[in-house]
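Note on naming: letters A, B, ... go to the chains in the order of the sequence lines (proteins, then strands), and numbering restarts at 1 for each one.
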2 protein chains.
Amino acid sequence: MKKNLSLKDVSKLIGVSTATISNAFNRPDQLSVALRERILKECERIGYSGPSMIARSLRSGQSDVVAIMLSDSLTYSFSDPMATDFMAGITEVLAKAHKQILLLSSTIKSDAQIRAESLPDGFIFYGAPEGDSFKRVIRSGKPLIVVDFDFPDVPSVNIDNFEACKQLASHAIQNGIDVPAIIGMRLVTDNHVKPITAGDLDHDKQEISWQRLFGYLAGAQEKSADILPENIIHLPVNVLDQAEEGARQLLSKPKRPNVILCMSDIIAIAVCKVARELNLSVPGDVRVTGFDDIAEAERNQPPLTTISQQGYEKGQLAARMLLDKSDERVMMDAKLVVRESG
Amino acid sequence: MKKNLSLKDVSKLIGVSTATISNAFNRPDQLSVALRERILKECERIGYSGPSMIARSLRSGQSDVVAIMLSDSLTYSFSDPMATDFMAGITEVLAKAHKQILLLSSTIKSDAQIRAESLPDGFIFYGAPEGDSFKRVIRSGKPLIVVDFDFPDVPSVNIDNFEACKQLASHAIQNGIDVPAIIGMRLVTDNHVKPITAGDLDHDKQEISWQRLFGYLAGAQEKSADILPENIIHLPVNVLDQAEEGARQLLSKPKRPNVILCMSDIIAIAVCKVARELNLSVPGDVRVTGFDDIAEAERNQPPLTTISQQGYEKGQLAARMLLDKSDERVMMDAKLVVRESG
DNA sequence: CTGAAAGCGCTTACAG
DNA sequence: CTGAAAGCGCTTACAG
């Protein structure tokens with residue numbers, strides 16, 4: 001690797017002090033237009049692309065880098081349409097503000113990542129983080145926005161999961177004769193696809209998946225329907241094949257559920273696929289609802305009834321709040337989208 | 001923002017020289033286990049998370065950051081299943097190697113981004129870049145891998161687009177009576193969805209979309225079929241609504257094509273949707289093929305015949321090659337996947 | 001095993 | 001408008 005030119009080298013090469021060259025790049029008002037142009041042209045010619053970000057950050061304490069701290073691994077996040085929509089929204093706003101994006105995951109606990117946390121001058125946390133990254137960022141005093149979770153005195157963007165799910169369940173369930181079921185992710189700590197137990201329902205849980213679950217239960221209650229624990233399936237991860245397994249468990253029961261409330265569109269898509277394999281019609285034999293309103297929800301056969309989370313707008317908002325040093329705690333709208341599936 | 005502790009502060013607080021604390025974090029063999037443990041514990045207690053990455057990078061010339069340089073905007077890339085698959089593969093490998101990910105786009109030409117290019121100690125270019133970022137990285141001498149394009153003496157990962165498309169066209173087209181058509185993106189420089197002209201076919205083009213186009217033409221020739229320029233539709237961007245417009249143009253022609261070769265699965269999905277709207281059956285009235293084999297290709301109704309690009313594996317390979325300082329120029333397999341659509 | 005000191009490439013108050 | 005100099009927070013060869 002060639003040694004790159006430094007300000008000092010350039011200073012010698014073109015016979016102007018380092019301060020002036022630095023000013024040519026960073027503070028145009030500090031020198032004459034003519035000199036500035038000459039310097040910039042010479043730099044171009046000799047192949048100096050401007051001051052190094054690292055030295056500049058060290059000196060000025062500002063990096064213009066924003067970190068997105070994901071609560072899942074980067075690899076999983078890239079496969080999750082909600083996460084990628086959200087990041088697309090963030091990057092749209094940050095690109096305009098000339099910020100760079102560093103991708104971090106709280107699932108990683110290496111020294112390298114902890115070190116990397118010193119680089120960004122702002123953080124967007126997406127989902128409740130593992131480990132101590134959150135604590136370290138709070139301690140650093142750097143601006144941050146948290147999304148899809150909550151912490152006292154920290155600006156945040158959330159949706160009302162309980163209310164959205166209550167509305168959705170109340171729409172999909174018609175009366176007490178219906179047999180509703182739920183498929184959700186990360187309800188309990190278990191690596192298997194299986195129903196939860198009555199005991200799991202006892203405790204007051206704060207996680208998003210439980211806010212949704214309690215919303216479904218409330219919506220069912222409005223229609224005088226019961227959702228039994230044995231009809232509430234836990235998936236360790238929000239992926240298609242686990243969802244298919246959950247769907248098969250439910251749809252092969254003697255007393256087959258005729259409404260399946262899914263905590264993501266991915267799950268709902270899987271349920272529709274399994275229903276097709278079993279020659280069950282959606283919504284005729286079983287009504288299916290999703291959550292998120294990802295692009296594929298509309299293209300699914302049949303198109304999914306779901307809750308629109310507006311991941312892209314969520315990302316835009318979080319990024320704008322970070323740039324504006326907002327201290328608000330925003331609750332975004334999550335709208336019921338009725339299509340054909342349920 | 002609170003001032004964070006520096007090595008010097010910590011040194012005073014716990015009465016050990018800065019060098020020793022640095023060694024406690026970075027070179028465990030340079031001090032006794034007992035002392036190291038004491039130092040780490042004290043640091044934990046007073047809230048010092050270890051040496052700052054910025055200062056360390058400046059001093060040591062190594063950042064453990066890898067940049068992914070995308071040829072599209074970050075916002076678009078997050079909506080492109082191939083790009084996200086590819087990045088998922090990269091991050092899987094790099095996370096294990098304790099590398100951090102900086103996301104850059106060659107569509108951005110700000111000083112801030114140019115500065116940011118000084119941070120990473122390795123680059124993965126995805127798609128032929130705009131502007132001078134490629135030139136600057138080459139000049140820096142830092143390791144890089146380019147993907148989906150080519151440059152003399154630069155290690156790369158590609159697939160044989162021509163051969164794959166030839167095979168696909170030869171599969172989908174049955175004889176000279178068939179009326180095949182093509183929908184591709186970025187064939188010409190034009191912001192409208194419209195057919196190309198005979199003149200556009202004259203020049204020798206290197207872009208991926210033209211490699212594919214020439215492959216389709218070669219495959220058609222094998223089956224004695226002609227693809228007229230008026231049946232080759234250009235889309236400015238690979239997005240669903242443009243693809244739908246292209247599909248409508250083709251399917252409303254008096255002499256309606258009965259084979260549509262699409263340069264991405266997204267386009268093929270759009271064509272299937274339009275066909276459904278027009279009450280045309282796929283593959284009965286019109287055979288449709290995709291490219292990429294994204295997850296949704298298999299879930300589409302009907303499931304898509306397509307070319308599997310293995311974006312995830314491509315990302316893994318590119319990342320591994322970067323870490324290994326490979327200088328190979330790899331041509332990956334792209335396999336024909338025959339499903340029901342064509 | 002430990003510490004004093006140089007220097008990585010910048011920015012910025014300050015003096016001229 | 002321009003330049004000399006301090007210092008951002010580290011790592012590392014070197015001396016003890």
Engineer: Rounding to an integer number of Å, can you tell me how far B:Asp121 CG sits from C:dC8 C1'?
Structural biologist: 15 Å

Engineer: Could you check how far NZ of B:Lys12 sits from C1' of C:dA4, rounded to whole Å?
Structural biologist: 14 Å

Engineer: Expressed in angstrom and rounded to an integer, what is the separation of B:Lys8 atom NZ from C:dA6 atom P?
Structural biologist: 14 Å

Engineer: Students often get this wrong, so: under 4.0 angstrom with heavy atoms, is B:Phe25 touching a base, only sugar-phosphate, or nothing?
Structural biologist: nothing

Engineer: Using a cut-off of strictly less than 4.0 Å, decide whether A:Tyr48 has a side-chain nitrogen or oxygen near OP1 or OP2 of C:dG9.
Structural biologist: no

Engineer: Measure from the side chain of A:Leu58, starting at C-beta and using heavy atoms only, and say which of D:dT11, C:dC10, C:dG9 lies closest.
Structural biologist: C:dG9

Engineer: Rounded to the Å, how far apart are A:Arg27 CZ and C:dT12 P?
Structural biologist: 5 Å

Engineer: From the options C:dT12, D:dC10, D:dT12, select the nucleotide whose nearest atom is closest to the side chain of B:Ser6.
Structural biologist: D:dC10

Engineer: Using atom CG of A:Asp29 as one end and atom P of C:dT12 as the other, report the distance to the nearest whole Å.
Structural biologist: 12 Å

Engineer: Assess the pair A:Tyr312 and B:Phe78: is the distance between their ring centroids shorter than 6.0 Å?
Structural biologist: no

Engineer: Report the distance from atom CD of A:Gln62 to atom P of C:dC10, rounded to the nearest whole Å.
Structural biologist: 17 Å

Engineer: Taking only side-chain N and O atoms of B:Ser22, does any of them lie within less than 4.0 angstrom of OP1 or OP2 on D:dT11?
Structural biologist: yes

Engineer: How many whole angstroms separate atom CD1 of B:Ile21 from atom P of C:dC1?
Structural biologist: 17 Å

Engineer: Tell me the interatomic distance from A:Arg56, atom CZ, to D:dG9, atom C1', rounded to whole angstroms.
Structural biologist: 18 Å

Engineer: Should B:Asp148 and B:Lys314 count as an ion pair when the cut-off is N to O under 4.0 Å?
Structural biologist: yes

Engineer: How would you label the contact of B:Leu31 with the nucleic acid (heavy atoms, under 4.0 Å): base, sugar-phosphate, or nothing?
Structural biologist: sugar-phosphate

Engineer: If the cut-off is 4.0 Å, is A:Asn23 near the phosphate of D:dT2, judged by side-chain N/O to OP1 or OP2?
Structural biologist: no

Engineer: Counting the atoms with a prime plus P, OP1 and OP2 as sugar-phosphate, which does B:Leu35 contact under 4.0 Å by heavy atoms, base, sugar-phosphate, or nothing?
Structural biologist: sugar-phosphate

Engineer: Can you tell me which nucleotide in D:dT11, D:dA5, C:dG9 comes closest to the side chain of A:Thr18?
Structural biologist: D:dA5

Engineer: Would you indicate which nucleotide in C:dG9, D:dG3, D:dT11 comes nearest to any side-chain atom of B:Pro51?
Structural biologist: D:dT11

Engineer: Establish, with yes or no, whether the OP1 or OP2 oxygen of D:dT2 is under 4.0 angstrom from a side-chain nitrogen or oxygen of A:Thr20.
Structural biologist: no

Engineer: Among C:dG3, D:dC1, C:dC10, which is the nearest nucleotide to the side chain of A:Leu7?
Structural biologist: C:dC10

Engineer: Using Watson-Crick and G-U wobble pairs with both distances under 3.5 Å, what is the 5'-to-3' dot-bracket string of DNA chain D, with [ ] for crossing pairs and | for pairs outside the strand?
Structural biologist: |||.||||||||.|||

